[in-house]
Amino acid sequence: MPVLASIESLEWENRFFNIHSGIVRFSDSATPLSVAELAQFQRVQAKVPASRTDWLDGLQQLGFQLVEGDVDLVLPVGVATPDPGLDIALEADIPALRQQAATVFAQSRFRAPWYAPDASGRFYAQWIENAVRGQFDNQCLVARANDGSIRGFVSMRQLNEQEARIGLLAGRGAGETLMLAARHWCEQRAISTLRVATQAGNTAALRRYIQSGATIESTAYWLYR
């Protein structure tokens, strides 16, 4: 079955990874994807809703391969969320945060063999640094141990007046505290809905989000060619 879609160049990722890549944009008004069109890129990504088996089948016939599953969750913020007392990350925290993010997210969809062996770590290290600086995500909150070291972190991004999204969240044993901090951050801004996404295979994160009151809104698959 033909896949009606166009390919959008991923300019920021191209610069960061030094690879000519694009992403599939599905549209009923587009022409069918062709091997010749795809061959103009070194890497083409596609995020496909799990329900669209026709797109999945069509993309696999064009040479796409499954990379990972993706789960989007949503939870109501509520009122009177306890303040767990996390700190706003400072520029002085950036080296430690970069190191933690590079380690925790080393096996994301930017992993080898699709990208360079260190690409995933570098990508998420840059993401958390940007969050501290208020770029892309608005703010990064950190949970500290008694000695001042960072036990965990969560980055937050306000999407609109009613919604926010967790960017990155990591911290072994600090998940409940980080989720409380995320909800409290939203409550302070009168945001009623919090969104978060994770890999389908990350059962620990899924369990934490669901225990915190989140429900699964949608599932999808990432494919690459």
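Starting from 1, each residue takes its place in the sequence as its number.
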For this session: Could you check Gln162 against Ser192 for side-chain hydrogen bond (donor to acceptor under 3.5 Å, both in side chains), going step by step and ending with a plain yes or no?
Result: CA-CA 5 Å; Gln162 299 299 322; Ser192 58; 3.1 Å; yes

Exercise. Is there a side-chain contact (heavy atoms from CB on, under 4.5 Å) between Phe136 and Arg157 once you walk through the steps?
Worked result: CA-CA 7 Å; Phe136 188 59; Arg157 179 166 77 257; 3.5 Å; yes

Exercise. For Asp87 and Arg144, what are the C-alpha separation, side-chain angles and deciding distance, and is it a side-chain contact (heavy atoms from CB on, under 4.5 Å)?
Worked result: CA-CA 8 Å; Asp87 295 334; Arg144 298 189 190 277; 2.7 Å; yes

For this session: Could you go through the side-chain contact (heavy atoms from CB on, under 4.5 Å) check for Phe26 and Val24 one step at a time?
Result: CA-CA 6 Å; Phe26 300 98; Val24 172; 3.7 Å; yes

For this session: Begin with the C-alpha distance, continue with both residues' side-chain angles, and end with the deciding distance and a verdict on side-chain contact (heavy atoms from CB on, under 4.5 Å) for Val44 and Leu33.
Result: CA-CA 12 Å; Val44 180; Leu33 282 179; over 6 Å; no

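Proximity of Leu180 to Pro82: side-chain heavy atoms (C-beta onward) are separated by under 4.5 Å at one or more points. Side chains of Leu194 and Trp185 form no contact here, defined as non-hydrogen atoms less than 4.5 Å apart. Counting heavy atoms from C-beta outward, Gln65 and Trp114 have side chains that approach closer than 4.5 Å. Residues Leu75 and Ile210 have side chains not in contact (no heavy-atom distance under 4.5 Å, counting atoms from C-beta outward). Side-chain contact between Ile7 and Glu37: present, with at least one pair of heavy atoms (C-beta onward) separated by less than 4.5 Å. In this structure, Leu86 and Leu178 have side chains that are in contact, with non-hydrogen atoms separated by less than 4.5 Å. Looking at heavy atoms from C-beta onward, Glu163 lies out of side-chain contact with Gln158 at the 4.5 angstrom threshold. Side chains of Phe153 and Leu141 form no contact here, defined as non-hydrogen atoms less than 4.5 Å apart.
Under the 4.5 Å side-chain heavy-atom criterion for ILVMFWY residues, a single connected hydrophobic cluster contains both Ile150 and Ile94. Hydrophobic cluster membership is shared by Ile216 and Ile166, with clusters built from Ile, Leu, Val, Met, Phe, Trp and Tyr side chains linked at under 4.5 angstrom. Val154 and Leu97 are assigned to two separate hydrophobic clusters, defined by single-linkage of ILVMFWY side chains at heavy-atom distances under 4.5 Å. Trp55 is not connected to Met1 by any chain of hydrophobic side-chain contacts under 4.5 Å among Ile, Leu, Val, Met, Phe, Trp and Tyr, and they are in different clusters. Note on Val71: it does not cluster hydrophobically with Leu223, by side-chain heavy-atom contacts below 4.5 Å among ILVMFWY residues.
Without hydrogens or angle criteria, Asp72 side chain to Glu217 main chain gives no donor-acceptor distance under 3.5 Å. With hydrogens and angles ignored, the 3.5 Å screen pairs no side-chain donor or acceptor of Asn138 with any backbone N or O of Gly134. Between the side chain of Arg98 and the main chain of Pro95, no donor-acceptor pair closer than 3.5 Å is present. With hydrogens and angles ignored, the 3.5 Å screen pairs a side-chain donor or acceptor of Thr103 with a backbone N or O of Gln99. Put simply, the side chain of His184 gets close to the backbone of Thr81: a donor and an acceptor are under 3.5 Å apart.
One finds no salt bridge joining Asp83 and Arg183 here, because no Lys/Arg side-chain nitrogen approaches an Asp/Glu carboxylate oxygen to under 4.0 Å. Look at Arg109 and Glu68 and you find no salt bridge, because none of the NZ, NE, NH1 or NH2 atoms lies under 4.0 Å from a carboxylate O. Using a 4.0 Å cut-off between charged side-chain N and carboxylate O, Arg43 and Glu13 make no salt bridge. For Arg52 and Asp57, the salt-bridge test fails: no basic side-chain N is under 4.0 Å from an acidic carboxylate O.
When all heavy atoms of Cys186 and Ala164 are compared, the pair lying nearest together is SG-CB, 3.8 Å. Heavy atoms only, all atoms of each residue included: Arg151 and Gly173 are closest at NH2-O, 3.6 Å. Across Leu206 and Ala200, no two heavy atoms sit closer than the pair CD1-O, 3.6 Å. Contact detail for Ala46 and Phe64: the closest heavy-atom pair is CB-CE2, 4.1 Å. Of all the heavy atoms in Leu4 and Asp28, the pair that sits closest is CD1-O, 3.6 Å. Across all their heavy atoms, Asp147 and Ser149 have their closest contact at OD1-OG, 2.7 Å.
Using a 30° and 60° split on the angle between ring planes, Tyr224 and Trp222 fall in the perpendicular class, above 60°.
Under a cut-off of 6.0 angstrom, the local environment of CG in Leu159 is crowded, with over 12 non-hydrogen atoms contributed by other residues, nucleotides or ligands. More than 12 non-hydrogen atoms from other residues, nucleotides or ligands lie less than 6.0 angstrom from CD of Gln135. For CG of Asn146, the number of neighbouring non-hydrogen atoms (other residues, nucleotides, ligands) closer than 6.0 Å is 12 at most. Counting heavy atoms of neighbouring residues, nucleotides and ligands inside a 6.0 Å radius, atom CG of Asn18 does not exceed 12 of them.
Considering CG of Leu168 and OH of Tyr124, their distance stands at 7.0 Å, rounded to 0.5 Å. Note: Glu11 CD to Ser21 OG = 8.5 Å, rounded to the nearest 0.5 Å. In this structure, CD in Gln42 is found 8.5 Å from CG in Asn14, a value given to the nearest 0.5 Å. Note that the SG atom of Cys140 and the CE atom of Met156 stand 11.0 Å from one another [nearest 0.5 Å]. Residue Glu176 holds its CD atom at 10.5 Å from CE of Met179, rounded to the nearest 0.5 Å. The OG atom of Ser155 sits 10.5 Å away from atom CD of Gln139, with the distance rounded to the nearest 0.5 Å.
Between Asp70 and Thr219, the side chains place no donor N or O within less than 3.5 Å of an acceptor N or O (distance only, hydrogens not considered).
For Phe17, the ring-ring contact (aromatic ring centres under 6.0 Å, His included) partners two or more places apart in sequence, or in a different chain, are Phe110, Tyr115, Phe123.
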